[in-house]
Number of protein chains: 2
Amino acid sequence: MIQADKFMEDKGVRPTAMRLLVFRFLAESKTAKTLSDIENAFAKADRTTLYRTLKTFEDKAIVHQIDDGTGMTKYALCEEGCNCAIEQDLHLHFHCNNCKETVCLTAHKIPHINLPDGYVAEDANLVLKGICDKCSGQ
Amino acid sequence: MIQADKFMEDKGVRPTAMRLLVFRFLAESKTAKTLSDIENAFAKADRTTLYRTLKTFEDKAIVHQIDDGTGMTKYALCEEGCNCAIEQDLHLHFHCNNCKETVCLTAHKIPHINLPDGYVAEDANLVLKGICDKCSGQ
DNA sequence: ACAATAAATGCACTTCTGTTGCATGATTCC
DNA sequence: GGAATCATGCAACAGAAGTGCATTTATTGT
């Protein structure tokens, strides 16, 4: 992992203490996290600050939002080379019905779909649900 | 369209006045509707009643929920032969960024995805976003 | 270094959707 | 007709998302 503060400055985000903590928390997470997850991870954190921190991160293509159908938006770090900034990085997400965690499957892109005449796709969201590798005992 | 009340009785749902209205409203809709949409369509309707009506419809496989990423769950009638009751009917949904409407593309099934070892898919949700046929002027 | 400016943070509050409890009204069954 | 069951409506709550504003912290220019 590169230096977090240098990385953030390169992205045009001031590396404050809180932001570095959030960044590192997400970096160490293997799964996508909700705002509440992050809030609970730091006892003294204010929800609004975290909310705006994540929004800033999103604007600067440091994290991307994930809507896995649980009703709570989750956040995950963009991978090296994730081009969320320019266009949507159309990898799919997997939500485990057992451990309730959601992971990015960055290697798996959403396949192209032939739409009826007149429909123009600009974005896509594919969420698979089932049992993840850890829960399937493999 | 078959008789709505007979259809509902076959499904095991008592065809009350409100339910028939909701059913007909959804039947006449080309797009998926939110609870608020339905609420606004009938001035004197109570939100709770509509909420439970939709829940009942869902249990009896008359409608299915759609999560198009807008944050509001939408509802659409199940098609003839839609097997939501037995298993998920994995058709995809299209959300228009222009008119904000969401439609079922029942003819388009979600393609099979090869997952990494240990992952077992049980369900899937694919939402494409862009411009619909009406808004693209075709 | 110091003032002026800009950015980040924290608190309070609002809004909106989804949801449940409970009392009342309508329907079915015997 | 009366009991039981189901549907409805009102009120209230929960949780997440979002906004406004004041305060603190950092940056800039001189």
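Residue numbering restarts at 1 for every chain, and letters A, B, ... go by the order of the sequence lines.
- The phosphate of dA17(D) (OP1 or OP2) has no side-chain N or O of Tyr51(A) nearer than 4.0 angstrom.
- Here the side chain of Leu35(A) is nearest to one of dA8(C), dA17(D), dG10(C), namely dA17(D).
- For Lys129(B), there are no salt bridge (Lys or Arg N to Asp or Glu O under 4.0 Å) partners two or more places apart in sequence or in a different chain.
- Contact annotation for Thr49(A): base contact, defined as any heavy-atom pair under 4.0 Å involving a base atom.
- Each end of the helix from dA1(C)-dT30(D) to dC30(C)-dG1(D) gets its own rotation axis from five pairs of C1' atoms, and the angle between them is 20° to the nearest 10 degrees.
- Classification of the Phe23(A)-Phe57(A) ring pair by plane angle, with boundaries at 30° and 60°, yields perpendicular.
- The listed nucleotides are dT19(D), dT9(C), dG21(C); the one nearest the side chain of Lys55(A) is dT19(D).
- Applying the salt bridge (charged side-chain N to carboxylate O under 4.0 Å, His left out) test to residues at least two apart or on different chains, the pairs with a partner in residues 30-54 of chain A are Lys33(A)-Glu101(A).
- Between the P atom of dA26(D) and the CD atom of Glu9(A) lies a distance of 14 Å, rounded to the nearest Å.
- What separates NZ of Lys44(B) from P of dC10(D) is a distance of 12 Å, to the nearest Å.
- Using a 30° and 60° split on the angle between ring planes, His93(A) and His64(A) fall in the tilted class, from 30° to 60°.
- Not counting sequence neighbours, the partners of Lys109(B) by the salt bridge (Lys or Arg N to Asp or Glu O under 4.0 Å) test are Asp89(B).
- Distances from the side chain of Thr48(A) to the nucleotides dG10(C), dA8(C), dT8(D) place dG10(C) closest.
- Comparing atom distances between the Arg52(B) side chain and each of dC21(D), dA16(D), dC10(D) picks out dC10(D) as nearest.
- Under 4.0 angstrom from either OP1 or OP2 of dA17(D) there lies at least one side-chain N or O belonging to Thr73(A).
- Here the rule is side chain to side chain contact (heavy atoms under 4.5 Å, CB included) with Leu50(B), and of Lys55(B), Met18(B), Arg19(B) only Met18(B) fits it.
- What separates CE of Met8(B) from P of dC6(D) is a distance of 15 Å, to the nearest Å.
- To the nearest angstrom, P of dA16(D) lies 12 Å from NZ of Lys74(A).
- Comparing atom distances between the Arg47(A) side chain and each of dT19(C), dG18(D), dT8(D) picks out dG18(D) as nearest.
- Residue Phe42(B) contributes atom CZ, which lies 15 Å from atom C1' of dT8(D) at whole-angstrom precision.
- Taking only side-chain nitrogens and oxygens, Thr16(B) comes nearer than 4.0 Å to OP1 or OP2 of dT8(D).
- By the 30° and 60° cut-offs, the orientation of the rings of Phe94(A) relative to Tyr119(B) is perpendicular.
- When the C1' atom of dG9(D) is taken as reference, atom CD of Glu39(B) falls 12 Å away, rounded to whole Å.
- One atom, CG of Leu20(A), and another, C1' of dT9(C), lie 15 Å apart when rounded to the nearest Å.
- Shown for residues 65-72 of chain A: residues whose heavy atoms fall under 4.0 angstrom of DNA chain D, namely Met72(A).
- Between Glu58(B) and Gln65(B), the shortest heavy-atom distance links the atoms OE1-NE2, 3.5 Å.
- Salt bridge present: Asp10(A) and Lys6(A) bring a charged side-chain N and a carboxylate O closer than 4.0 Å.
- The list of ring pair (Phe, Tyr, Trp, His ring centres under 6.0 Å) pairs with a residue in residues 24-43 of chain B, not counting sequence neighbours, reads Phe25(B)-Phe42(B).
- For Arg14(B), whose side chain is taken as the heavy atoms from C-beta onward, the closest listed nucleotide among dT9(C), dC10(D), dT28(C) is dT28(C).
- Atom-to-atom, CG of Leu50(B) to P of dT8(D) comes out at 9 Å; the value is rounded to the nearest Å.
- Nearest nucleotide to the Asp46(A) side chain, out of dT19(D), dC11(C), dT8(D): dC11(C).
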